[in-house]
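Okay, so here's the structure we're looking at.
Side-chain atoms are counted along with the backbone in the values below, which use heavy atoms only and exclude waters and symmetry mates. Remember, it's a predicted structure, so these values are computed and weren't measured experimentally. All chains are named by letter (A, B, ...) in the order of the sequence lines, taking the proteins before the strands, and each is independently numbered beginning at 1.
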Amino acid sequence: MKGFGKYVIFLGSLFVRRETFKTYYQLVLEECIIIGIGSILLFVLVSTFMGAVSTIQTAANLVNPLIPRYIISQVVREMTILELAPTVMAIIYAGKVGSSMAGGLGTMRITEQIDALEVMGINSSSYLVLPKIIASILMYPLLVIVAGVCSLVGGYLVGTLTGIMTAEDYIYGIRLAFNPYFISFALIKSLVFAFLISSISSYKGYYTQGGALEVGIASTSAVTTSVIAVLLSDYFLAQLLL
Amino acid sequence: MIKINRISKAFNGKPVLDNISGEFDKGKTNLIIGSSGTGKSVLLKCIVGLLQPDQGSVYFDLRNFTEADKDMKSEIRREMGMLFQGSALFDSKNVEQNVMFPLDVLTTKTLEEKLDRVNFCLKRVGLENVNSKMPSEISGGMKKRVGIARAIVNNPNYLFCDEPNSGLDPQTSIVIDELIKEITEEYDITTVVVTHDMNSVMGIGEKIMFLYKGHKLWEGSYHEIMNSGVKELDDFVFTNKVMKNLKGKVTSL
Ligand SMILES: Nc1ncnc2c1ncn2[C@@H]1O[C@H](COP(=O)(O)OP(=O)(O)OP(=O)(O)O)[C@@H](O)[C@H]1O
Ligand SMILES: [Mg+2]
């Protein structure tokens, strides 16, 4: 609980004594590039395979000949949009981006780089952390969209290449009874997850104390805490918005 | 000139600094010495405002820094330069970007003016042709020099160094010490150096404050340090046999 209070105060500190807009613009741009380039390959890989595997497994479960094959791609679509792309990817995002944010800030803390910024009269938390959070909120939804598309493409490739279903069936299923609100829901979720992961990981890194060992601990605990926060908020958002 | 007035600081109820007062003169290298864990770094952090003292105040040329509002604080901070114990160079930036950083955020100079100033400062600390090297590619002594260049790049009035020569060989230490002393005299700034290195004490200790377990026990110059009559200081100064034999035989240096 004490940790949570400190986290809230930390978030508040991000918005005081800010640098010029131009400085932030550049920093956000840099972070966006780091996050985007750094995670795109992993996202494409994981989501393509997830789509492919979901297709095979759904097909394996739908053995009843009365159920049309296009139901498979409909199920894959719903799974992808509602859970695989925003939530499962968030866990991967926490492992990839969250841990590196915490590790980077933790290293800056223990090597006094954060103190060096403070001595120059810079608000180090807002200078270092705010751009990371903004960049995350901008980039993560884009990554989720990419992941969603890749997952459906992965399903298509496996579905048609292994002869589970025809291309026409797959496309038909994907478009069947489509509820566009689910897309909005996925994007809302991804905004929330992006904020949670980047702010929690930054918080863990920013308040590292000690040495290299503690930096390692901070980045592990950043991943654990962000994942828990993501799963909890996933549950509440589903209750709230569905 | 920096004046500190009755500074106390405790961590979790454990006192680390107790009622420390003193002055650091302009144009001189002022030393804070004492053995490990006596609170030297904490005192320095209280002075530059990285830690808030529980009691007491710090004055920068008669301006009360401890009670200053945010604007005043950042104004005074713009006049500070600090060399950290581990150099604290930003690892994502190269040497040139590191030294230029204070100019980027604190001034509105053009890129050319900034580059001129950066190259001048790097030359001043004896570093040339390393502009594009990353901090991980240069040696510890070079890092300290880059740290000094970064600390002086924005023409500070106050320079702080936390153990500028820890982890360096005696020769490089002397070079760094001399550099700090020269810069202090050349620009007539107030420099505060934390150290536990006796070579520095004898080399550049124009004004020395000796801390012992959070108390200030002695103040003076290196001329007087051999004959202070303070037992704790003698224990700190005369650590080995050779030095102990010298004791009493040296009247003045
Ligand atoms: N942030 C902190 N929280 C709790 N205790 C601290 C903190 N910073 C310093 N201390 C304690 O204050 C005391 C003085 O520490 P300080 O770093 O000032 O020593 P020092 O004189 O600089 O020693 P050294 O020469 O080894 O650097 C130590 O006992 C240390 O444990
Ligand atoms: Mg120290």
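- Residue B:R63 places its CZ atom among more than 12 non-hydrogen atoms of other residues, nucleotides or ligands, all under 6.0 Å distant.
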Given A:V119 and B:F160, is the side chain to side chain contact (heavy atoms under 4.5 Å, CB included) satisfied, shown in steps? CA-CA 10 Å; A:V119 169; B:F160 303 94; 5.9 Å; no
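- Other residues, nucleotides and ligands contribute over 12 non-hydrogen atoms within 6.0 Å of the OH atom of B:Y187.
- Contacts between B:I76 and chain A at a heavy-atom distance below 4.5 Å are absent for every atom of the residue.
- For chain A, no part of B:E79 is nearby; none of its heavy atoms comes within less than 4.5 Å.
- No more than 12 heavy atoms of other residues, nucleotides or ligands shown are found within 6.0 angstrom of NZ on A:K96.
- A 6.0 Å sphere centred on CG of A:L242 holds more than 12 heavy atoms belonging to other residues, nucleotides or ligands.
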Yes or no on side chain to side chain contact (heavy atoms under 4.5 Å, CB included) for B:K45 and A:E118, after CA distance, side-chain angles and deciding distance? CA-CA 11 Å; B:K45 284 183 180 166; A:E118 287 287 334; over 6 Å; no
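- In this structure, B:K133 places its NZ atom where only 12 or fewer heavy-atom neighbours from other residues, nucleotides or ligands lie under 6.0 Å away.
- Among the residues in residues 104-115 of chain A, those with a non-hydrogen atom closer than 4.5 angstrom to a non-hydrogen atom of chain B are A:M108, A:T111, A:E112, A:Q113, A:D115.
- Heavy-atom distances place both the backbone and the side chain of B:D91 under 4.5 Å from chain A.
- More than 12 heavy atoms of other residues, nucleotides or ligands shown are found within 6.0 angstrom of OH on A:Y181.
- Counted within 6.0 Å of CD on B:E185, heavy atoms from surrounding residues, nucleotides or ligands total more than 12; the atom is thus considered enclosed.
- Within 6.0 Å of the NZ atom in B:K93, the count of heavy atoms belonging to other residues, nucleotides or ligands exceeds 12.
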